[in-house]
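Computed from a prediction, not measured in an experiment: that's the story for all the values here. FYI, the numbering just counts along the sequence from 1. The figures here come from the full heavy-atom set of this structure, side chains too, leaving out hydrogens, waters and symmetry mates.
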Amino acid sequence: MDAIVVQLKSLALTEALPLLIKAVGALFVWFLGRTVIGGFRKVLDMALQRRHLDATLIRYVGSLFTGSLTLLLMIGILGLMGVETTSFAALLAAAGIAIGAAWAGLLANFAAGVFLLVLRPFRVGDEISAAGVVGVVQEIGLFATTLDTGDNLRISVGNNQLFGGNIINYSHHPHRKLTVKVPLFHGAADLRLLMRAFVERVTVVPGVQEQPAASVEVAEFTLHGPVLAVCVHCKPTQFNAVQADVCEAVAELLQAAGYAAPPAQFVPAPTAKAG
């Protein structure tokens with residue numbers, strides 16, 4: 001019995017005690033490393049905020065920074081405890097390849113999100129048209145961009161779909177051009193007089209900017225008569241309201257002048273041929 005106790009004590013001193021010391025050292029290194037990483041993360045966030053970068057981009061960079069250093073810290077702790085890190089690194093690389101193949105679409109969205117934040121084709125709050133969706137950008141996420149549509153729907157679109165197609169940014173410029181087309185009869189009105197009347201009327205519509213000035217031009221000719229294009233400029237956020245007011249102003253002016261819009265062109269119905 002005494003010999004067994006002596007062997008257990010010898011085993012504890014030679015095997016268990018060094019392992020316990022390594023475990024305590026690993027825990028100490030882990031907490032110390034996490035504290036240092038957290039400090040570096042705060043410094044990095046402050047530096048990026050001073051450059052007035054987008055909040056989503058700051059989170060992107062911070063997450064990549066923290067994740068990379070934490071992975072290196074774990075490999076270092078395993079090496080400290082005597083684990084062969086070479087085979088672990090190879091296993092980690094193989095797992096990364098497998099995960100990358102399985103999550104190819106997800107990683108494509110992630111990469112596209114990085115390019116969207118770097119190239120900045122649009123920002124949060126801009127109204128855009130992309131991937132068949134028109135709406136106001138609410139968030140540029142890691143994998144998807146969230147938009148609110150005009151009928152109060154929230155749609156999340158994959159970043160790869162946005163980045164892979166055409167993006168129309170309606171809010172990029174300080175003003176937006178609005179065109180309302182007005183069809184007329186041949187010889188039914190004095191064209192120049194009517195054009196001046198349109199300019200004077202739409203200039204006083206709320207939201208219409210003085211510069212660039214409103215203009216009216218002949219856009220095209222049809223069988224019925226010319227088609228006028230009433231062009232004004234307004235802020236992008238007021239586009240829908242100004243469009244409705246300009247159309248109403250045009251209709252009021254035509255009604256006051258006793259002018260009616262041309263009727264639709266009559267197309268005779270096809271007749272069946274006898275057998």
Side-chain angles (χ1 to χ4, degrees), residues 12-13 15-126 128 136-148 154 156-163 167 169 171:
L13 291 175
E15 298 294 338
L17 185 60
L19 182 61
L20 180 62
I21 294 175
K22 289 182 179 180
V24 173
L27 289 174
F28 176 77
V29 172
W30 170 258
F31 286 111
L32 180 62
R34 289 293 297 173
T35 302
V36 173
I37 292 174
F40 281 132
R41 171 71 181 271
K42 291 180 180 179
V43 173
L44 179 63
D45 288 345
M46 292 174 61
L48 295 177
Q49 288 173 2
R50 289 196 191 98
R51 295 179 176 271
H52 303 288
L53 296 180
D54 186 82
T56 308
L57 179 60
I58 294 176
R59 289 196 296 269
Y60 255 104
V61 176
S63 299
L64 290 175
F65 177 81
T66 303
S68 301
L69 290 186
T70 302
L71 183 60
L72 292 177
L73 177 63
M74 292 176 61
I75 295 176
I77 290 175
L78 290 175
L80 181 65
M81 295 188 66
V83 178
E84 184 61 38
T85 57
T86 304
S87 58
F88 177 77
L91 179 63
L92 187 63
I97 295 174
I99 293 174
W103 290 358
L106 197 62
L107 293 178
N109 285 327
F110 179 83
V114 174
F115 282 110
L116 288 175
L117 289 171
V118 172
L119 300 178
R120 310 301 291 273
F122 56 83
R123 302 170 182 265
V124 173
D126 287 351
I128 67 169
V136 178
V137 179
Q138 300 298 321
E139 181 184 3
I140 306 173
L142 291 174
F143 304 103
T145 296
T146 304
L147 299 94
D148 283 350
R154 173 155 291 190
S156 296
V157 184
N159 290 331
N160 194 34
Q161 289 182 273
L162 289 176
F163 191 70
I167 300 175
N169 191 336
S171 305

Heavy-atom check, side chain of [X] versus side chain of [Y], under 4.5 Å:
X	Y	value
Phe163	Leu119	yes
Phe110	Asn160	no
Val137	Arg123	no
Val136	Leu147	no
Phe115	Asn159	no

What do the steps show when you test Val29 against Leu73 for side chain to side chain contact (heavy atoms under 4.5 Å, CB included), and what is the final call? CA-CA 8 Å; Val29 172; Leu73 177 63; 4.1 Å; yes
With Asp126, which residues qualify under side-chain hydrogen bond (donor to acceptor under 3.5 Å, both in side chains), at least two apart?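 Once residues adjacent in sequence are excluded, the partners of Asp126 under the side-chain hydrogen bond (donor to acceptor under 3.5 Å, both in side chains) criterion are Asn169.
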Going by side-chain hydrogen bond (donor to acceptor under 3.5 Å, both in side chains), name the pairs with one or both residues in residues 32-44, residues two or more places apart or in two chains.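 Passing the test, one end in residues 32-44: Arg34-Thr70, Arg41-Asp45, Arg41-Thr66.
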For the residue pair [X] and [Y], what are the closest heavy atoms and their distance?
X	Y	value
Glu139	Val124	CA-CG2, 4.4 Å
Gln161	Asn109	N-OD1, 4.5 Å
Ile140	Phe122	CD1-CE1, 3.8 Å

Once rounded to the nearest 0.5 Å, what's the spacing between atom CD1 of Ile167 and atom CD1 of Ile128?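 With rounding to 0.5 Å, CD1 (Ile167) is 6.0 Å from CD1 (Ile128).
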With rounding to the nearest 0.5 angstrom, report the CD to CG distance, Gln138 to Asp148.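 The CD atom of Gln138 sits 4.0 Å away from the CG atom of Asp148.
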